[in-house]
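We count residues from 1, following the sequence as given. The structure presented is a predicted model; accordingly, all values stated were derived computationally and were not measured.
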Amino acid sequence: MIKTISVLGSTGSIGTQTLDVAEKLGLRVCALAAATNIKLLEEQVRKFKPSLAVVFDEERAKDFKRNISDTNTKVLCGMDGLISAAELEEAELVLNSVVGMVGLRPTLAAAESKKDIALANKETLVAGGALVTEAVKRNGVRLLPVDSEHSAIFQCLQGMNDKKSLKKLILTASGGPFFGKTEKELKSVTIEQALNHPNWSMGAKITVDSASMMNKGLEIIEARWLFDMPAESIDVVVHRESIIHSLIEYADNSVIAQLGLPDMRIPIQYAITYPERLESPVGELNLAQIGKLTFFEPDEKTFKCLAACKKALSGGGVATAIANGANEEANQMFRDGRISFLEIGELVSGAVEGIKNYEPMTVDDVLNADFLAREYVRGAVK
């Protein structure tokens with residue numbers, strides 16, 4: 001089992017839970033990185049005493065450096081800082097839980113530095129899947145999923161000797177706070193309602209993505225790259241209880257599922273300790289107490305983001321980067337009160353359909369597609 005870990009996005013939901021797991025496992029945390037929450041980052045630095053801490057915002061980094069001047073922790077900022085944290089020599093594993101496209105370059109840097117990667121930043125594979133998987137393969141490192149759905153599939157696949165026997169991947173979706181609502185009912189929903197997730201405690205961006213079903217669209221794209229499966233072999237089923245985290249179906253129509261309480265510390269710990277399984281930081285699942293499990297078809301007509309992601313994946317090229325970039329911009333606009341909830345799906349669909357697709361050869365090609373998507377959204381919102 002690894003002994004030293006670098007945590008990118010340490011003050012977010014996944015990051016704080018990762019540090020909880022790391023503490024219980026007795027791991028050394030050699031690097032921490034955060035976007036803006038320097039108060040919590042300072043608490044983490046004083047507790048874990050990392051060699052390096054990164055604050056993405058340059059001005060906040062200056063304040064932070066003064067605040068921890070009595071420690072031995074080096075402070076860096078910006079993308080260069082994130083990359084340094086991903087490349088840090090003493091890190092055996094880099095857990096990337098930053099939010100958005102900002103996670104792409106550090107993931108590639110970790111792979112090129114021969115670090116195993118525990119990935120909770122789905123945008124990395126959504127936008128640059130071909131580049132990332134090629135870098136992982138070329139450098140002989142492990143890419144370990146942290147998302148509960150992909151961890152579930154990863155666990156279900158353990159011991160499978162013949163990939164030809166695998167027929168389908170089935171991702172479960174909670175349906176978020178707006179499950180079953182019509183377009184008419186969704187026209188006036190508020191940001192507070194969108195952030196009221198029934199099962200999971202997540203950051204604001206991801207919680208809104210869950211409400212719009214964009215999160216599940218991103219996960220379909222991520223699954224395509226993690227497990228080398230074609231788009232038509234990846235399905236989604238709405239499972240309100242979030243107890244079954246995903247399933248796989250074999251050629252003989254046998255289905256295997258992974259179950260557990262809806263707590264991210266389970267997949268985080270498995271990514272860190274793989275292939276070992278250690279005592280869980282989470283309580284035991286009692287199915288009798290759960291009582292029942294329910295399943296529904298997703299409503300792609302109302303939740304347009306899911307359909308847009310499927311179309312982008314089928315289109316190949318940079319279409320998935322376009323979908324992701326448009327969503328990041330639209331999601332932020334919704335949280336800022338500039339657009340309605342339903343406009344998120346309309347803008348993502350419009351970007352996928354309206355921006356010219358092309359094959360990415362470099363990271364800059366992917367970043368250009370992301371830029372074009374954001375420009376499209378900004379131009380469409382008056």
Side-chain angles (χ1 to χ4, degrees), residues 1-2 5-9 12-15 17-18 21-22 86 92-99 103-104 106-108 110-111 115-137 141-160 163 166 168-174 200 202 206 209-210 215-229 233-236 242 244-248 256-260 262-277 280 282 309 313 320 324:
M1 194 182 81
I2 63 101
I5 184 172
S6 175
V7 183
L8 311 185
S13 175
I14 297 297
Q17 291 178 87
T18 296
V21 170
E92 296 173 84
L93 179 140
V94 176
L95 190 140
N96 187 350
S97 64
V98 302
V99 177
L104 177 58
T107 299
L108 291 169
K115 310 293 184 185
D116 286 339
I117 303 162
L119 192 64
N121 168 247
K122 56 177 60 68
E123 294 88 352
T124 283
L125 287 180
V126 169
L131 298 176
V132 172
T133 51
E134 196 280 327
V136 165
K137 183 177 180 181
V141 298
R142 300 186 300 181
L143 183 62
L144 302 162
V146 171
D147 274 351
S148 61
E149 295 83 359
H150 301 102
S151 176
I153 291 171
F154 183 62
Q155 293 178 60
C156 289
L157 290 173
Q158 299 308 305
M160 186 185 73
K163 190 180 176 183
L166 181 61
K168 189 185 298 182
L169 308 180
I170 305 169
L171 300 170
T172 57
S174 69
W200 296 95
M202 305 176 289
I206 299 173
D209 280 347
S210 179
N215 205 42
K216 209 51 51 179
L218 297 177
E219 288 173 5
I220 291 173
I221 300 168
E222 189 179 4
R224 178 264 176 272
W225 293 109
L226 279 171
F227 307 111
D228 191 25
M229 289 288 284
S233 298
I234 306 172
D235 278 352
V236 171
S242 296
I244 296 178
H245 298 296
S246 277
L247 315 91
I248 63 172
I256 296 177
Q258 186 268 334
L259 287 73
D263 191 308
M264 284 303 301
R265 288 173 296 174
I266 298 174
I268 289 169
Q269 177 168 291
Y270 189 63
I272 291 173
T273 65
Y274 176 79
E276 295 181 56
R277 288 187 184 272
S280 176
V282 178
C309 285
L313 182 56
T320 55
N324 179 72

A.B. asks: About how many Å separate CD1 of Ile153 and CZ of Phe227, when rounded to the nearest 0.5 Å?
C.D. replies: 5.0 Å
A.B. asks: Can you name the one residue among Ile272, Thr273, Val282 that meets side-chain contact (heavy atoms from CB on, under 4.5 Å) with Val21?
C.D. replies: Ile272
A.B. asks: Is the backbone of Ile170 close enough, under 3.5 Å, to the side chain of Asp235 for a donor and an acceptor to pair up by distance?
C.D. replies: no
A.B. asks: Answer yes or no: is there a side-chain heavy-atom contact under 4.5 Å between Ile117 and Thr124?
C.D. replies: no
A.B. asks: Got a second to check how far Ile220's CD1 is from Thr320's OG1, nearest 0.5 Å?
C.D. replies: 12.5 Å
A.B. asks: Check Lys137 with Glu134, please: is the shortest side-chain N to carboxylate O separation under 4.0 Å?
C.D. replies: no
A.B. asks: Hey, does the side chain of His245 reach the backbone of Ser151 with a donor-acceptor pair shorter than 3.5 angstrom?
C.D. replies: no
A.B. asks: For a quick test of reading the model, state the closest non-hydrogen atom pair linking Ser246 to Cys156 and the distance between them.
C.D. replies: O-SG, 4.3 Å
A.B. asks: To the nearest 0.5 Å, tell me how far Met160 CE sits from Ile256 CD1.
C.D. replies: 10.0 Å
A.B. asks: What residue among Thr107, Leu226, Ile221 forms side-chain contact (heavy atoms from CB on, under 4.5 Å) with Leu125?
C.D. replies: Leu226
A.B. asks: Output the distance between atom CH2 (Trp225) and atom CG (Leu119), rounded to the nearest 0.5 Å.
C.D. replies: 14.0 Å
A.B. asks: Looking at side-chain heavy atoms only, is the closest gap between Met1 and Glu92 below 4.5 Å?
C.D. replies: no
A.B. asks: Please find the pair of heavy atoms, one from Asp228 and one from Lys163, that lie closest to each other, and give the distance.
C.D. replies: O-NZ, 2.7 Å
A.B. asks: Kindly give the heavy-atom pair with the smallest separation between Gly129 and Thr133, and that separation in Å.
C.D. replies: O-OG1, 2.8 Å
A.B. asks: Pick from Asn121, Val146, Ile14: which one makes a side-chain contact (heavy atoms from CB on, under 4.5 Å) with Ser97?
C.D. replies: Ile14
A.B. asks: Any chance you could measure Leu157, atom CG, to Gln258, atom CD, to the nearest 0.5 Å?
C.D. replies: 11.5 Å
A.B. asks: I'd like to know if the side chain of Ser233 and the backbone of Lys168 have a donor-acceptor N/O pair within less than 3.5 Å.
C.D. replies: no
A.B. asks: What heavy-atom pair brings Ala86 and Leu8 nearest, and what distance separates the two atoms?
C.D. replies: CB-CD1, 4.4 Å
A.B. asks: With a 4.5 Å limit on heavy-atom distance, are the side chains of Leu93 and Leu144 in contact?
C.D. replies: yes
A.B. asks: Could you tell me which non-hydrogen atom of Ser280 sits nearest to which non-hydrogen atom of Ile266, and how far apart they are?
C.D. replies: OG-CG1, 4.3 Å
A.B. asks: For the pair Thr172 (side chain) and Ile244 (backbone), establish whether a donor and an acceptor sit closer than 3.5 Å, ignoring hydrogens and angles.
C.D. replies: yes
A.B. asks: For Val98, is there any backbone N or O sitting under 3.5 Å from a side-chain donor or acceptor partner on Asn96?
C.D. replies: yes
A.B. asks: Taking atom CD of Gln269 and atom CD of Gln17, what is their separation to the nearest 0.5 Å?
C.D. replies: 12.0 Å
A.B. asks: Verify, without hydrogens or angle tests, whether Asp147 (side chain) and Glu149 (backbone) share a donor-acceptor contact under 3.5 angstrom.
C.D. replies: no
A.B. asks: Identify the heavy atoms of Glu219 and His150 that sit nearest to each other, and give their distance.
C.D. replies: O-NE2, 2.9 Å
A.B. asks: Any sub-3.5 Å donor-acceptor pair from Ser210's side-chain atoms to Asn215's backbone N or O?
C.D. replies: no
A.B. asks: For Lys115 and Ser6, indicate whether the former's side chain and the latter's backbone hold a donor-acceptor pair under 3.5 Å.
C.D. replies: no
